[in-house]
Amino acid sequence: MATQQQRSETTRAQLLKAFRASFLKKGLEATTTHDVLLSIGLSKGAMYHHFRSKTDIAQAIYEAESHGAIERSMQKVAHLSSPLERLKGACLSWMEEVQTPDISRILFDIGPSALGMQKARAIEDSVSLVLMERELEAAIAVGEIGEGDVKLIAALLNALVAEAALYSLRTGKETVPSLRKSIDALFVAFKK
């Protein structure tokens, strides 16, 4: 028999899955709490036990997608021994992740619409910048790049990757080759 905690986790997951599907199908504004709850047979009380609002649900979905894309990107390059190559590879891998239509829609449309650009960016940065800074510090420690302002370099790299993703989504053009060259050029500037 399932414990209360297991039932609670199942309900939360069910809510997130149903709202995610509705956001992707209908959009943020057209998704109604009433319709989603009706479709999965849950009450408003069940929802309010986990989330205060549709915006809170959108935030949970955004956080899961954002962190998931970053984690999958880092896993793909975990085998590389060079911190700099791991960092470059993770950036390029993340670009591949966000080419998936559902992921890009949540990260670049639904999340920012629900949360505002500033909050969405803070959520994204809470994971991506920390990982970038960690790899940059490791690259400095092993002499792959010279000393520098790690926070600034991470911010520049993060902005470069985000802008390449947005440009690709907006124009439909392939940006990975240009992004790879741009990342390499950035690190040439910081070589010892």
Side-chain angles (χ1 to χ4, degrees), residues 16 20 28 55-171 173-192:
L16 291 173
R20 182 184 189 277
L28 179 68
T55 301
D56 283 355
I57 293 170
Q59 180 173 334
I61 292 167
Y62 180 82
E63 287 174 350
E65 291 291 346
S66 174
H67 296 174
I70 293 166
E71 288 170 13
R72 288 186 300 274
S73 298
M74 291 303 293
Q75 287 172 357
K76 289 178 184 175
V77 297
H79 67 282
L80 299 173
S81 60
S82 161
L84 193 55
E85 291 307 313
R86 275 195 307 269
L87 180 56
K88 290 177 185 181
C91 290
L92 297 171
S93 179
W94 182 84
M95 280 291 293
E96 292 171 10
E97 286 281 331
V98 299
Q99 298 303 310
T100 305
D102 289 353
I103 294 173
S104 67
R105 187 139 179 249
I106 290 168
L107 294 182
F108 297 111
D109 178 27
I110 295 167
S113 293
L115 307 172
M117 285 302 296
Q118 191 171 6
K119 187 167 188 175
R121 184 170 181 175
I123 291 168
E124 181 83 16
D125 289 352
S126 71
V127 176
S128 63
L129 285 178
V130 170
L131 291 171
M132 288 179 175
E133 289 169 11
R134 182 186 71 205
E135 294 298 338
L136 286 166
E137 288 168 354
I140 291 168
V142 298
E144 290 184 307
I145 58 174
E147 292 287 329
D149 185 334
V150 170
K151 290 191 179 303
L152 175 60
I153 299 168
L156 290 170
L157 181 59
N158 199 37
L160 180 64
V161 174
E163 286 302 319
L166 289 170
Y167 180 80
S168 177
L169 292 169
R170 191 172 51 249
T171 64
K173 293 182 179 178
E174 172 61 48
T175 59
V176 171
S178 293
L179 177 61
R180 180 178 286 115
K181 289 177 184 176
S182 298
I183 292 171
D184 286 341
L186 176 67
F187 287 113
V188 165
F190 292 101
K191 286 280 186 191
K192 278 187 145 181

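A distance of 11.5 Å separates CD1 of Ile57 from CD of Gln59, quoted to the nearest 0.5 Å. Here NZ of Lys173 is found 11.0 Å from OG1 of Thr175. Values are rounded to the nearest 0.5 Å.
Remark: Arg72 CZ is packed, more than 12 non-hydrogen atoms of other residues, nucleotides or ligands lying under 6.0 Å away. Residue-environment remark: NZ (Lys76) exceeds the threshold of 12 foreign heavy atoms within 6.0 Å.
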Test side-chain contact (heavy atoms from CB on, under 4.5 Å) applied to Glu85 and Glu135, step by step: CA-CA 9 Å; Glu85 291 307 313; Glu135 294 298 338; over 6 Å; no
Residues Glu144, Phe187; criterion side-chain contact (heavy atoms from CB on, under 4.5 Å); working and verdict: CA-CA 9 Å; Glu144 290 184 307; Phe187 287 113; over 6 Å; no
Check step by step if side-chain contact (heavy atoms from CB on, under 4.5 Å) holds for Ser82 and Leu84. CA-CA 5 Å; Ser82 161; Leu84 193 55; 3.9 Å; yes
Show your reasoning for whether side chain to side chain donor-acceptor pair (under 3.5 Å) applies to Ser73 and Glu97. CA-CA 7 Å; Ser73 298; Glu97 286 281 331; 4.9 Å; no
Hey, mind stepping through Arg20 and Ile110 against side-chain contact (heavy atoms from CB on, under 4.5 Å) and telling me if it holds? CA-CA 10 Å; Arg20 182 184 189 277; Ile110 295 167; over 6 Å; no
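Within the 4.5 Å cutoff, the side chain of Val127 has heavy atoms near those of the Leu131 side chain. Side-chain contact check for Phe190 versus Leu136: every heavy-atom pair is 4.5 Å or farther apart. Using a 4.5 Å heavy-atom threshold, the side chains of Leu87 and Leu157 count as touching. Between Lys88 and Arg180 there is no side-chain heavy-atom pair separated by less than 4.5 Å. Here the side chains of Val161 and Met95 are in contact, with some heavy-atom distance below 4.5 Å. Counting heavy atoms from C-beta on, the side chains of Glu63 and Ser126 never come closer than 4.5 Å. Using a 4.5 Å cut-off on side-chain heavy atoms (C-beta onward), Cys91 and Met132 make contact. Residues Gln99 and Ser168 form a side-chain contact, since some pair of their non-hydrogen atoms from C-beta on lies under 4.5 Å apart.
Nearest heavy atoms, Ile140 versus Gly146: CG1-O, 3.5 Å.
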